[in-house]
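Here the structure comes first, spelled out in structure tokens, and everything after it is commentary.
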Amino acid sequence: MENILKEHPLIGQAPVHGDGRSCLMALLVLDPETVPAWAAARGIDVAASAPAGARRGEMTHRLPVPARTLVR
């Protein structure tokens with residue numbers, strides 16, 4: 001699952017916890033080398049506080065697709 005999550009270009013690390021449980025939790029760490037270029041291409045100032053919502057929106061928009069492939 002970690003490798004599937006890391007397929008997203010903004011995710012640098014994705015440790016997953018909860019093996020053998022009914023649900024899993026993943027800590028998503030943005031890739032510090034990819035995020036600035038991604039933000040610049042969209043006119044987002046990564047130093048400002050508002051873009052965090054834009055990045056979160058991008059992540060939540062993209063992540064449900066690979067997550068659905070893991071549902072049993």
Side-chain angles (χ1 to χ4, degrees):
M1 178 167 185
E2 293 166 353
N3 290 334
I4 291 172
L5 292 171
K6 286 172 47 177
E7 287 178 3
H8 190 286
L10 295 181
I11 298 177
Q13 299 176 36
V16 177
H17 178 71
D19 190 26
R21 296 181 182 244
S22 61
C23 63
L24 300 174
M25 188 273 311
L27 173 64
L28 304 179
V29 180
L30 296 177
D31 185 324
E33 295 179 10
T34 304
V35 170
W38 173 87
R42 289 160 179 78
I44 298 172
D45 178 9
V46 294
S49 59
R55 290 191 304 263
R56 187 170 29 267
E58 171 70 9
M59 301 292 278
T60 57
H61 171 73
R62 302 282 184 180
L63 290 178
V65 174
R68 283 195 297 262
T69 65
L70 301 172
V71 176
R72 293 181 193 179

What pairs of donor and acceptor atoms, side-chain ones from residues 24-31 against any protein atom, are under 3.5 angstrom apart with sequence neighbours left out?
{"from": "Asp31", "atom 1": "OD1", "to": "Glu33", "atom 2": "N", "distance (Å)": "2.8"}
{"from": "Asp31", "atom 1": "OD1", "to": "Thr34", "atom 2": "N", "distance (Å)": "3.3"}
{"from": "Asp31", "atom 1": "OD2", "to": "Thr34", "atom 2": "OG1", "distance (Å)": "3.4"}

Count the heavy atoms belonging to other residues, nucleotides or ligands that lie under 6.0 Å from CD of Glu2, then report whether that count exceeds 12. yes
So among Ile4, Leu5, Ile11, which one has a side chain to side chain contact (heavy atoms under 4.5 Å, CB included) with His8? Ile11
